Amino acid sequence: MTLMRYAEALNAALREEMQRDPTVFMFGEDIGRYGGVFKVSKGLRDEFGDARVRDTPISEQAMTAMAVTAAMSGTRPILEIMYADFLPLTLDALVNQASVFTYLWEGQVEIPFVLRTQGGGGVGTGAQHAKSLDAMVCHIPGLKVVAPATPADAKGLLKSAIRDSQPVVFLEHKLLYNTRGEVPDGDDVLVPIGKARTVLEGRHVSIFASSKMVIEAENAAKLLAQDGIEAEVIDLRTLRPLDLESIRRSIAKTHHAVVVNEGWTFCGYASELSATIMEYCFDDLDAPVQRVAMPDMAIPYSEPLEMAVLPNAIKIAAAARKAIA
Amino acid sequence: MATPITAGAVAGEYMETLVIVEWRVGVGDAVNKGDVLLTIETAKAAVDVEAPDTGVISAIFASAESEVPAAAVLCLIGKDVTDVSYGDAPAKAAENAASAPQPYPVAPLATEQAPRTPAGGRIIASPAARRAARAAGIDLATVSPTSVSGRIKLRDVASATYQTAPLQAPNLSMGLPPDERGLLKVHRSGPPDGAPIFFLHGFASDSSSWYPLDRQLAKDHPVYRMDLPNHGSSPKRQIKDFTALVKDVRDAFDALDLEGAHVIGHSLGGALALALADTRAPRIASLTLFAPGGLGPKINSDFIDGIAAASRPASLEAWLKVMVSDQRLIDPAFVNAAFAARTQAELRSAQVHMGKTLFADQTQSFNLVSALHRLECPTRIVWGRKDRILDWHDALQAPGHIGLHLLEGVGHVPHLEAPDISRAIIRSLIKSV
């Protein structure tokens, strides 16, 4: 085990996979010379050269289409989109190309392509640089979507994503890059896509979260413990495909569910989770599933207002109490 | 409305993390505006974070020596300890953001659900409650809801089972228990530092039985409550004999790596505590044994068979009442809570099997009297003179250096029946070490 920051764990995954497989290459805005705005690709251009760590002009639409065709041509491109807020610019390549080509060519092509991006609020970056658009990419069949919360999962899941033969959208969080955690050593330590992780075991209510919301859920569990309520915290890790088995197992035990996502509430990822739980766990539920998500509005620049609207531990704890009441 | 405390400007530049060096306050402390709450270390220096307001610390989210994002909420200052909400803020923020389109009611969590009343005679019950009622053959029309929403929940059905179910022969579909692997479950509460307390519960109980002591002791001590195999949330497995059980407990105890633990055991857990102290003496600071097993052959084996097999609240209630002297302690709420933990048929049959192994021939097959004589750490035995499960006279075999507290009018569960005395005994023992 090595103590690493989340950004360092991602950097290690990129380095190891590029060393392992010469067809892996990266491109994006400011990822080469500058090392990425969050320093995830720091040092990689020096090690692998301009051809494999490419700086591109600002055109997310062109970059994504390029990545899809490069993947079809036998390479494994990793594209960095600087902010998740720019994902709408990539959508044509995702919706009409990456996700359907394998189907259209009857399995003759694979699209082993990773789109890395980061979202989330909490540092006053306002309405155009703080969104969580998880639901937008999760809506597209044919894509896998992962959103790790810890450095160990960041590394293990990014390696799995790079080795996957399907397109994977890899969602990071700007407030997680500097968090630290133990990361298992070894070039072939992978975290499987599609498997959730039980962060805390509890008997009374299950809280399902991903990315930074896992930390908020853990804090909510501490608040609930003050009242003797034992919350079970499940880190989904992969948003699509969903680990339904872990969800079922937990709800069969606690009978109460709180679903958390930093994105918008209406038609959001939390809503999808809630609907899935209603369908598959109905007879185990002792109360309606509670959603904790971002209100349907623009993220304010003002720090106190931003703090007020983002989902947090207090709102999660309140939702859990309401479920149990 | 609680105020969230972040490091704010003192944390330094954008995107840095900070390390919590030391908390100067704890949950429940009253603070004045300007008081130092904690010291943090940033990339540049160690600095103090001051209270922006007067109030009470209602929650702390990050422990000392941990590293957190610079923008993280470190603690909350509220009007009192229960004030942990700043819940009306989202709605206000939404009002202010008048230009933002709102196709959906903002912050649905902030609005309380109106109590429901059955419309047109339809009964409102949760899916889980409906399923449980169907299984138990209970008419939901006879069940009254206790939830805020007015909906019948699982707990209400359990309570109805208790009130209406006729006494039936326990369902003993006895197979051998499965062989689940893994360490025993240990529940942790209390502060990170301080002399640790390690609890071992009795047969057919679980770690939640320490509730009367745990709430108070966890204010000053890190508390570890273990679930024995086939109990609570620990793995289910076939226990070969008492020695195998001791090994399971010892493995889980070793994994915690506790120093100077104050070990407290009840009944079978008392016997296990003694066995643990016999081989882990250097790590154990004191021992408190509530009605410990293993000090004589006699045991109420009807009780062992009956409580392990009880598949209905009414039969469980009958045996719970044998455990205590004052029958009023075993009220419907207590029975329901105890039964809720034992609804799993697999758990009950695993316990029946375990009881038959440990107490074969209606005898306590393990004897720890010599271990009691070898004890070097300060030890107290607490026993009720009205115990109907084990014979309190067994305590008289203890050597002179062990303190005996033989309580009048108390049965087999002193920590439930006389929690204040029990706590005082533990506290004075810990203080004396």
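Reminder, nothing fancy here: chain letters follow the sequence lines and each chain counts from 1. Everything numeric in this text was worked out from a predicted model, so none of it was measured.
Taking A:Met294, A:Glu306, A:Arg5 one by one and counting their heavy-atom pairs under 4.5 Å with chain B, the maximum is reached by A:Arg5. Among A:Glu216, A:His256, A:Glu230, A:Lys212, the residue making the largest number of heavy-atom pairs under 4.5 Å with chain B is A:His256. Among the candidates A:Ala287, A:Ala317, A:Ala127, A:Ala325, the residue making the largest number of heavy-atom pairs closer than 4.5 Å to chain B is A:Ala325. Note: A:Arg180 leads A:Glu201, A:Arg203, A:Arg180 in heavy-atom pairs under 4.5 Å with chain B.
When all heavy atoms of B:Ala128 and A:His255 are compared, the pair lying nearest together is CB-ND1, 4.2 Å. The shortest heavy-atom contact between B:Ala59 and A:Leu223 is CB-CD2, 3.3 Å. The nearest pair of heavy atoms linking B:Pro127 to A:Phe282 is CB-O, 2.8 Å.
Looking at heavy atoms from C-beta onward, A:Met307 lies in side-chain contact with B:Val73 at the 4.5 angstrom threshold.
Listed for the B:Lys153 side chain is a donor-acceptor partner under 3.5 Å among the backbone atoms of A:Ile324. With hydrogens and angles ignored, the 3.5 Å screen pairs a side-chain donor or acceptor of A:Asp286 with a backbone N or O of B:Leu154.
When heavy atoms are compared at a cutoff of 4.5 Å, A:Ala225 does not approach chain B at all. Residue contact with chain B, scored on non-hydrogen atoms closer than 4.5 Å, involves the backbone and the side chain of A:Gln226 alike. Proximity to chain A (any heavy atom under 4.5 Å) is restricted, for B:Ser58, to the backbone atoms N, CA, C and O. A:Ala318 does not touch chain B: none of its heavy atoms, backbone or side chain, sits under 4.5 Å away.
Rounded to the nearest 0.5 Å, atoms CG (A:Asn178) and CG (B:Leu18) are 10.5 Å apart. Here OG of B:Ser233 is found 7.0 Å from NZ of A:Lys253. Values are rounded to the nearest 0.5 Å.
For B:Glu180, the CD atom is densely surrounded, since the number of other residues' heavy atoms within 6.0 Å is greater than 12. Atom CD of A:Gln128 sits in a sparse spot, with 12 or fewer heavy atoms from other residues, nucleotides or ligands closer than 6.0 Å. In this structure, B:Trp210 places its CH2 atom where more than 12 heavy-atom neighbours from other residues, nucleotides or ligands lie under 6.0 Å away. Enclosure of atom NZ in A:Lys195 is not indicated, since only 12 or fewer non-hydrogen atoms of other residues, nucleotides or ligands lie within 6.0 angstrom.
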CA sep, side-chain torsions, deciding dist, call: A:Ile314, B:Leu76, side chain to side chain contact (heavy atoms under 4.5 Å, CB included): CA-CA 10 Å; A:Ile314 292 163; B:Leu76 297 176; 3.3 Å; yes
Test side chain to side chain contact (heavy atoms under 4.5 Å, CB included) on A:Lys222 and B:Ile60 and set out the steps. CA-CA 9 Å; A:Lys222 287 179 197 163; B:Ile60 287 180; over 6 Å; no
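Using a cutoff of 4.0 Å between basic side-chain nitrogens and carboxylate oxygens, A:Asp284 and B:Arg131 are scored as salt-bridged.
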